[in-house]
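Notes to accompany the following structure.
Just so you know, ligand 1 is whichever comes first in the structure, and atom 1 is the first atom listed for that ligand.
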Amino acid sequence: PIQQDLAGQHWVITAGPTMEAIDPVRYISNHSSGKMGYALAAAAQARGASVTLVSGPTQLDAPQGVKRIEIKSAEDMLSACREAMVKPADVFIGAAAVADFRMKEVASQKMKKTGDSDEMQLTLVKNPDVIATLSQENTAKCMVGFAAETQDVIAYAKSKLERKGLDLIIANDVSRTDIGFNNDENQVTVLSKDQQWTPPKESKSALAIELVELITQYQSTK
Ligand code: C5P
């Protein structure tokens, strides 16, 4: 039996892609599978935490005992997180791949390919940064983000940690085809302001267990 040492704690985790509507039949999204966030939710739940998983559209089943809130857009993800953390959570983990932009105006009817032009232009506006916003609002005692990078992984992750006001950032190199996006295995480096840890490359579920342990230990030193 797993020790229920996180009993009484509330963890809020975002996962999956967001889906931004273009018109009633089209959308902008990305290739996030949601696996890492779901694995983290299962690992925290297994240690007794009450877990809210705010998830974009994925193929995955909600882990046993986890409260899943399904959303589509980044704006909906932000409101669902705020609602889940009216009473501040113990840990927030932003594992979602949030779309950076959304349509300035969502077309109310299906957009038609009429006219002679071979080009089409969409006007996009920036989405809110969910984790940075929540961090500013002090909605959780410990804020953990992800940084998917293709170069200078540690340096970019470090600046993201500071810019977004996070306690920990989990950095991974998405230029490697053997780990990360849509893969079952992952290798990451976890950074705090002044420390770093690199767990071995392993399945996302094994890694999730280690990450939950690392976050829990970090929390106790805060
Ligand atoms: O800036 P970048 O997208 O690389 O940052 C990644 C981290 O920020 C992840 O934890 C992701 O969930 C979070 N994020 C967010 N809202 C956004 C963009 C990223 O919460 N609009």
Side-chain angles (χ1 to χ4, degrees), residues 11-21 27-41 44 51-58 60 68-85 89 91-104 124-140 142-176 179-182 186 188-193 204 207-208 211-212 214-215 218:
W11 288 40
V12 177
I13 300 172
T14 67
T18 67
M19 192 184 262
E20 311 295 334
Y27 58 84
I28 298 168
S29 192
N30 61 66
H31 285 298
S32 168
S33 65
K35 282 176 192 161
M36 197 63 240
Y38 275 59
L40 286 164
V51 179
T52 306
L53 180 61
V54 179
S55 175
T58 73
L60 306 171
R68 176 168 64 175
I69 300 170
E70 295 176 278
I71 51 80
K72 289 206 169 80
S73 69
E75 289 181 304
D76 290 348
M77 178 172 277
L78 178 57
S79 344
C81 290
R82 279 184 175 137
E83 218 165 290
M85 299 192 282
V91 175
F92 175 86
I93 308 175
V98 182
D100 291 321
F101 294 92
R102 65 174 183 278
M103 287 286 280
K104 188 169 183 194
L124 306 179
V125 293
K126 217 173 203 159
N127 263 330
D129 191 307
V130 175
I131 201 168
T133 307
L134 294 170
S135 168
Q136 251 175 11
E137 295 172 356
N138 287 319
T139 46
C142 182
M143 301 288 305
V144 185
F146 274 80
E149 307 291 347
T150 57
Q151 54 170 342
D152 297 331
V153 178
I154 302 299
Y156 280 128
K158 205 86 195 266
S159 71
K160 235 164 245 185
L161 174 86
E162 282 163 26
R163 181 157 35 89
K164 299 189 187 221
L166 309 180
D167 294 284
L168 294 172
I169 196 150
I170 303 165
N172 65 337
D173 183 345
V174 290
S175 69
R176 284 174 58 179
I179 53 171
F181 266 3
N182 264 316
N186 205 354
V188 300
T189 297
V190 183
L191 305 166
S192 70
K193 224 171 63 184
K204 286 183 178 176
L207 180 61
L211 291 173
V212 166
L214 224 149
I215 295 165
Y218 177 85

Seminar exercise, completed: A student checking ligand 1 against Ile131 at a 4.0 Å heavy-atom cut-off should list atoms 8 (O), 13 (C), 15 (C), 20 (O)

Problem set entry | Worked verdict on Glu20 versus Lys72 for salt bridge (Lys or Arg N to Asp or Glu O under 4.0 Å) | CA-CA 7 Å; Glu20 311 295 334; Lys72 289 206 169 80; over 6 Å; no

Seminar exercise, completed: Residue, atom and distance of the protein heavy atom nearest atom 5 (O) of ligand 1 read Lys164 NZ, 2.9 Å

For this session: Report the part of Pro128 (side chain from C-beta onward, or backbone N, CA, C, O) that has a heavy atom under 4.0 Å from ligand 1; answer both or neither where that applies.
Result: backbone

Exercise. Does a sphere of radius 6.0 Å around CD in Gln136 hold more than 12 heavy atoms from other residues, nucleotides or ligands, not counting ones at 6.0 Å or beyond?
Worked result: no

Exercise. Has Met77 got any heavy atom lying under 4.0 angstrom from an atom of ligand 1?
Worked result: no

Problem set entry | contact_flag Asn127 ligand 1 heavy-atom lt 4.0 Å | no

For this session: Check the pair Val174, Glu149 against side-chain contact (heavy atoms from CB on, under 4.5 Å), reporting the backbone distance first and the verdict last.
Result: CA-CA 6 Å; Val174 290; Glu149 307 291 347; 5.8 Å; no

Problem set entry | Polar side-chain atom of Thr14 near backbone of Ala96 as donor-acceptor pair, under 3.5 Å | yes

For this session: Indicate yes or no: does an N/O atom of Gly94 lie under 3.5 Å from an N/O atom of ligand 1?
Result: yes

For this session: May I ask you to list the atoms of ligand 1 that are less than 4.0 angstrom from any heavy atom of Ala96?
Result: 11 (C), 12 (O)

Exercise. Does the pair Ser55 and Tyr38 meet the rule for a side-chain hydrogen bond (donor to acceptor under 3.5 Å, both in side chains), with working shown?
Worked result: CA-CA 9 Å; Ser55 175; Tyr38 275 59; 2.7 Å; yes

For this session: Mark yes when over 12 heavy atoms from residues, nucleotides or ligands other than Tyr218 sit less than 6.0 Å from its OH; otherwise mark no.
Result: yes

Exercise. More than 12 foreign heavy atoms under 6.0 Å from OH of Tyr27: is that the case here?
Worked result: no

Problem set entry | Residue and atom name of the nearest protein heavy atom (relative to atom 9 (C) of ligand 1), distance in Å to one decimal | Phe146 O, 3.2 Å

For this session: List every atom of ligand 1 that sits less than 4.0 Å from any heavy atom of Gly145, numbering the atoms from 1 in the order shown and giving each element.
Result: 10 (O)

For this session: May I ask you to list the atoms of ligand 1 that are less than 4.0 angstrom from any heavy atom of Val98?
Result: 15 (C), 16 (N), 17 (C), 18 (C), 20 (O), 21 (N)

Exercise. For atom 16 (N) of ligand 1, which protein heavy atom lies nearest, and how many Å away is it?
Worked result: Val130 N, 2.9 Å

Exercise. Does an N or O from Lys160, backbone or side chain, lie closer than 3.5 Å to an N or O of ligand 1?
Worked result: yes

Problem set entry | Side-chain donor or acceptor of Thr150 paired with backbone N/O of Ser175 under 3.5 Å | no

